[in-house]
Amino acid sequence: MSWVVTLKVTSCSGGGNLAGAAINDGYQFFYTDANGQFIAIVDDAYYAYIVQISKAGYTPKSFTLHNSQSGSIQTVCLETATPVTGTGTGGTGTGISCFIVSAATGSPQSDEVVLLRDLRGAVAERSAVAARLIDGMYEEYSSFSPSVADWLDSDAAARDNALTVVVAPLVGWYRLAGALALDGGDPYAAELAIADAELACSDALIPWDAARLFGQLAKGESPPADLPAALAGLADQLAPGADLPLVRWAVLEPLGRMWGSVVRGLDLTDEIERWLATAPLELVEPPGAARTDTELRQLASLLDFSPSARAELARRIESAWPDAAHALTSSGLVDG
Amino acid sequence: VALSTVDADAAELLDRAGASAIAGDIAGAVELYRRLLTHDPCHRAARRNIAVLLIRAGQTWDSLEFWQGLGDDAAVGCAPLDEAIERAMRSGDLGLARELASVAAAIRYGSDDFPPIATEVPALPGRTLTPEKLRHDAEQLDYLGIAPERAERYRKVADDVERTPSGRADLERHPEVGDEYGRIIHVADTQRIDVALGDWDGALVEADLAAGRPPVAVIDDFLTEPALRELRRFCWESTIWNVNRYDDGRLAAFFSSGFSSPLLMQIAEELQQRFAAVLRRDHALRQIWAFKYPEQLDSTRSLHADFAGVNVNFWITPDVACLDPDGGGLTVYDAEAPADWTFHQYNESPKRLADYLTERSPERLDVPYRSNRAVLFVANLVHATAPLVFRPGYRNRRISVTMLFGDRHDQRRWSR
């Protein structure tokens with residue numbers, strides 16, 4: 001025998017029904033229907049059942065189903081998530097969900113989400129400038145990614161495509177970037193990361209189209225019109241990101257470079273060096289006078305592995321932050 | 001120095017080929033990959049890229065030799081091709097999946113007549129003769145109106161094999177059967193039609209699934225008449241029934257062994273559209289197959305569960321063939337195979353499953369056979385073909401089609 005409870009999930013602000021909210025019992029995911037409802041049929045072996053309710057753009061909430069509620073409708077409202085904005089203090093951004101990666105992997109605690117979150121935290125701890133860049137990127141990202149996550153929730157094939165074409169290569173890219181920037185002296189870590197990154201793209205059937213798609217989006221252009229069906233839906237969803245400069249640099253350009261490298265047999269380390277050298281620091285608030293030397297020194301330490309990226313970034317800082325130019329040599333960004 | 005030059009050339013060719021493909025110049029990319037292969041015939045990436053690009057360009061059969069070059073042994077299977085089929089299915093690109101599956105079928109079961117291009121006919125070691133397949137094939141040749149002498153040979157050898165202790169024999173021991181045995185010699189052309197699924201409400205069926213105990217839904221008039229007619233023609237005419245490993249006499253045709261057509265892809269796509277809350281949201285297509293049955297079958301030998309999340313099973317043989325109006329269909333037990341059982345344990349061990357059911361005494365649902373009836377259920381539920389008695393005759397053979405969606409560990413998403 002079983003007991004049955006109807007769970008109705010609404011928005012705390014406004015009370016609207018939340019369709020497609022994920023209900024996780026720790027074993028698998030269920031989703032609310034178009035009316036925001038989910039019928040929980042629980043085996044008599046349980047007198048209570050705890051579930052986690054989540055939806056992109058909202059703060060997750062736990063709820064306990066109890067057999068005394070059998071036959072009733074239980075309403076649970078979710079609060080709108082408040083994106084954490086940049087403070088530039090390092091280690092920020094952890095309060096913002098990786099909406100797309102969570103939706104594609106099926107969990108906000110998946111290995112991929114955790115890896116990106118940890119990497120984000122580690123980079124932000126090392127450099128206040130990088131932390132502000134990350135915060136700014138996530139602010140842009142959170143403006144369009146919840147709707148992408150909702151779309152992924154509704155379509156198994158779309159999730160699979162996102163995993164193959166976006167998540168796996170992006171995780172591979174950032175794993176390698178992390179190995180180079182954070183473990184610069186460890187060639188073994190970099191080698192492992194390169195192998196992982198290449199593996200992430202190894203069985204794709206549409207690598208050329210992916211390279212073309214992300215190459216165009218990274219340049220702020222519209223997606224190609226003649227993409228195969230498996231990519232067309234994803235292209236429509238990600239196209240708004242092409243208007244967001246930090247998203248372009250942090251998400252679309254790595255994907256374009258990653259797929260381009262795979263297809264053309266290019267050196268991934270070279271690609272990451274070129275990418276880091278183009279970090280859009282001009283979009284980030286410059287450090288105050290008292291912290292200029294410290295913050296540039298922190299930034300330089302992330303680029304120990306690449307003199308060329310360091311030099312290019314220094315040239316761009318000189319132009320974007322003229323007041324910081326005096327510290328380029330003392331910080332190590334320019335070789336003395 | 002010479003080696004370095006070759007390597008440099010290879011890297012440049014790979015770069016230029018990739019750049020051409022990114023720019024949409026498929027012919028140019030293929031040419032450059034070919035040149036790379038002349039430098040390095042073992043360059044697997046170049047070989048695979050040519051194969052995929054040719055299929056993308058609509059030159060499916062031209063890709064065959066490149067897939068063959070990637071494979072190991074046709075009898076074992078072409079692993080890179082199988083991986084590509086799975087990838088295409090999971091990504092929802094069923095058109096590409098079908099093209100790839102056709103190539104796989106040609107590699108595994110090709111003949112002088114299939115594929116429709118001049119190509120080297122694969123050696124197919126290990127073909128097994130069974131009386132059921134020999135008789136089926138003889139009936140099919142009669143039905144197609146071709147090769148009467150071959151049909152006669154098959155019947156004679158079927159009688160001989162039936163008299164052996166094991167009831168089966170290796171082809172090598174009966175060369176008189178001929179090399180066409182166990183190969184695809186004809187595939188009926190069944191294209192997409194206006195609408196493949198009948199006029200029934202997918203949302204109501206989904207509600208039945210969610211509330212049912214066991215979670216099973218039955219749909220009558222599953223396909224439109226044109227779709228049913230075309231699918232029957234495909235099954236009756238196509239010589240794709242080459243999997244005869246089952247000791248109960250069933251013959252199977254799997255997606256990558258010939259059971260693929262534009263119409264089948266259309267049915268799968270329409271199912272995902274019709275079941276937006278169950279299939280499209282949570283479950284990609286994973287496998288398609290069909291069985292042809294002997295006139296009679298003992299159900300206890302077919303107890304099993306499947307590897308997927310949702311099983312859509314439907315029957316297409318005309319009702320007049322079924323001699324038991326209360327039987328001949330499917331029995332589904334309200335018991336799922338334990339999650340930690342291996343594929344062999346839950347799919348290929350009917351005795352183990354029978355013991356499991358005896359311990360649990362679950363409720364069961366018997367769905368009688370009806371032509372154009374579909375049964376949807378959690379694929380991990382233990383189920384079996386019901387005992388069946390069908391009329392003799394080629395077109396009276398019971399044909400069931402199965403489409404599997406999603407992963408086994410996701411199977412209860414919608415049922416609790």
Side-chain angles (χ1 to χ4, degrees), chain A residues 1-2 4 19-20 23 25 27-34 38-43 49 106 152-165 202-216 224 226 228-231 233-234 256 259-267, chain B residues 10-24 26 29 45 48-49 52-53 55-56 80 83-84 86-97 100 203 206-207 210-211 213 215 272 276-277 279-285 309 339 405-407 409-416:
Chain A
M1 288 295 288
S2 307
V4 180
I23 296 166
D25 65 353
Y27 170 62
Q28 58 196 323
F29 281 82
F30 310 93
Y31 295 89
T32 53
D33 63 16
F38 169 70
I39 299 172
I41 304 170
V42 185
D43 196 274
Y49 211 82
L152 293 175
D153 273 343
S154 70
D155 193 319
R159 281 197 299 280
D160 187 81
N161 281 318
L163 263 181
T164 308
V165 177
S202 62
D203 69 341
L205 292 168
I206 44 179
W208 312 279
D209 303 287
R212 191 156 49 109
L213 167 63
F214 293 115
Q216 289 195 200
D226 58 345
L231 268 187
L234 197 59
W259 284 110
S261 302
V262 167
V263 167
R264 300 173 59 185
L266 305 179
D267 185 297
Chain B
E12 189 198 334
L13 284 170
L14 186 66
D15 184 4
R16 287 173 55 201
S20 294
I22 292 171
I26 291 181
R48 183 176 184 278
N49 288 346
V52 174
L53 284 172
I55 287 192
R56 292 281 309 284
E83 286 162 12
E86 177 166 1
R87 172 113 304 285
M89 275 188 158
R90 281 187 180 276
S91 72
D93 194 341
L94 300 189
L96 177 59
L100 293 164
E206 286 182 330
R213 195 78 193 216
Q272 290 195 300
L279 297 186
R280 190 173 69 193
R281 192 179 65 193
D282 291 335
H283 301 294
L285 180 68
F405 294 87
D407 297 319
H409 60 80
D410 284 341
Q411 91 248 199
R412 290 185 299 172
R413 264 181 187 211
W414 44 273
S415 68
R416 287 172 55 180

Exercise for the section: For the pair A:Arg159 and A:Asp153, find out whether any cationic side-chain nitrogen is under 4.0 Å from an anionic carboxylate oxygen. Expected result: no
Exercise for the section: Report yes if some heavy atom in the side chain of A:Arg212 is under 4.5 Å from a heavy atom in the side chain of A:Ile206; otherwise report no. Expected result: no
Practice task
Looking only at non-hydrogen atoms, find the nearest pair between B:Ala284 and B:Met89 and report the distance.
Solution key: CB-O, 4.1 Å
Problem - B:Ala88, part contacting chain A, at a heavy-atom distance under 4.5 Å - result: both
Practice task
Please look at B:Ala21 and chain A and tell me whether the side chain, the backbone, both or neither of the residue comes under 4.5 angstrom of a heavy atom of that chain.
Solution key: both
Handout entry: Selection from A:Val262, A:Val165, A:Val263 maximising heavy-atom pairs under 4.5 Å formed with chain B
Key = A:Val263
Completion exercise
Counting heavy-atom pairs under 4.5 angstrom with chain B, the leader among A:Val4, A:Leu163, A:Asp209 is A:Asp209
Handout entry: Under the side-chain hydrogen bond (donor to acceptor under 3.5 Å, both in side chains) test, residues paired with A:Ser261 that sit two or more places apart
Key = none
Problem - Part of A:Leu266 lying under 4.5 Å from any heavy atom of chain B - result: side chain
Handout entry: Greatest number of heavy atom pairs closer than 4.5 Å to chain B - which of A:Ala158, A:Ala204, A:Ala162, A:Ala229
Key = A:Ala204
Handout entry: Top contributor to chain B interface from A:Pro224, A:Pro228, A:Gly265, A:Ser154 [non-hydrogen pairs under 4.5 Å]
Key = A:Ser154
Practice task
Could you look at B:Arg16 and say if it's the side chain, the backbone, both or neither that has a heavy atom under 4.5 Å from chain A?
Solution key: neither
Handout entry: Chi angles and distances behind the salt bridge (Lys or Arg N to Asp or Glu O under 4.0 Å) call for B:Glu86, B:Arg90
Key = CA-CA 6 Å; B:Glu86 177 166 1; B:Arg90 281 187 180 276; 3.2 Å; yes
Problem - Part of B:Ile55 within contact of chain A (heavy atom distance under 4.5 Å) - result: neither
Practice task
Could you have a look at B:Asp93, B:Leu279, B:Leu53 and say which one has the most heavy-atom pairs with chain A under 4.5 angstrom?
Solution key: B:Leu53
Exercise for the section: Evaluate the side-chain proximity of B:Arg281 to A:Asp155: yes if any heavy-atom separation is below 4.5 Å, no if none is. Expected result: no
Exercise for the section: Could you check B:Ile26 against A:Trp208 for side-chain contact (heavy atoms from CB on, under 4.5 Å), going step by step and ending with a plain yes or no? Expected result: CA-CA 10 Å; B:Ile26 291 181; A:Trp208 312 279; over 6 Å; no
